[in-house]
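Written out below as C-alpha cells is the structure these notes cover.
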Amino acid sequence: MPERTTVRLSEDLVRRAKRKALAEGRSLTALIEDGLRRVLDDRAPRVRAKRVLPPVSSATSGLMPEVSLDDGAALQEL
C-alpha cells in the first residue's frame, strides 16, 4: 500500500514539475517517483556536466583574439 508523506518544495520547482508531468501525460506523483528512483538506483549512470573550453585558434594553438581570460562572464557565453 502506498505511503503518504509531506515534502516542502519551492513554488517554482512545484510549478515546473507540474508543467512537465502534464506535458508527459502523467501525475506529479509519478514524476517524483521516477526522479527518486533515478537518484536511488545505483546502476544508473552518473551524469557529468560537460566541460566547455574556450575556442582555440588552430593557427597559433592559442586563444582566439576575441577571447579574454580576464572576463569570466564572456567566457560563459562562448
Side-chain angles (χ1 to χ4, degrees):
M1 179 173 182
E3 183 176 332
R4 294 183 66 119
T5 190
T6 301
V7 293
R8 297 186 199 307
L9 304 171
S10 71
E11 290 178 22
D12 179 57
L13 183 60
V14 172
R15 204 171 22 255
R16 290 171 51 203
K18 285 181 177 180
R19 207 171 19 239
K20 181 166 181 67
L22 181 64
E24 294 179 1
R26 57 189 181 150
S27 68
L28 179 60
T29 298
L31 182 82
I32 293 170
E33 286 178 345
D34 285 351
L36 283 172
R37 282 188 187 96
R38 286 183 184 184
V39 169
L40 299 173
D41 185 2
D42 289 337
R43 295 170 294 154
R46 303 280 186 246
V47 177
R48 290 187 178 180
K50 183 178 178 184
R51 260 186 10 175
V52 179
L53 301 175
V56 176
S57 169
S58 60
T60 62
S61 299
L63 293 174
M64 296 179 74
E66 67 271 8
V67 175
S68 169
L69 294 178
D70 297 326
D71 188 356
L75 286 173
Q76 293 294 324
E77 295 175 6
L78 294 175

Task: Full working for side-chain contact (heavy atoms from CB on, under 4.5 Å) between R15 and R19 - done: CA-CA 6 Å; R15 204 171 22 255; R19 207 171 19 239; 4.2 Å; yes
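- Members clustered with L31: L28, I32, L36, by chain and number, using a 4.5 Å side-chain heavy-atom cutoff among hydrophobic residues.
- The other members of the hydrophobic cluster of V14, by chain and number, are V7, L9, L13 (side-chain heavy atoms under 4.5 Å, ILVMFWY only).
- Residue pairs satisfying the side-chain hydrogen bond (donor to acceptor under 3.5 Å, both in side chains) criterion with at least one member in residues 2-11, sequence neighbours excluded, are absent.
- Judged as a salt bridge (Lys or Arg N to Asp or Glu O under 4.0 Å), and not counting sequence neighbours, the contacts of R26 are E24, D34.
- Side-chain contact check for R16 versus K20: every heavy-atom pair is 4.5 Å or farther apart.
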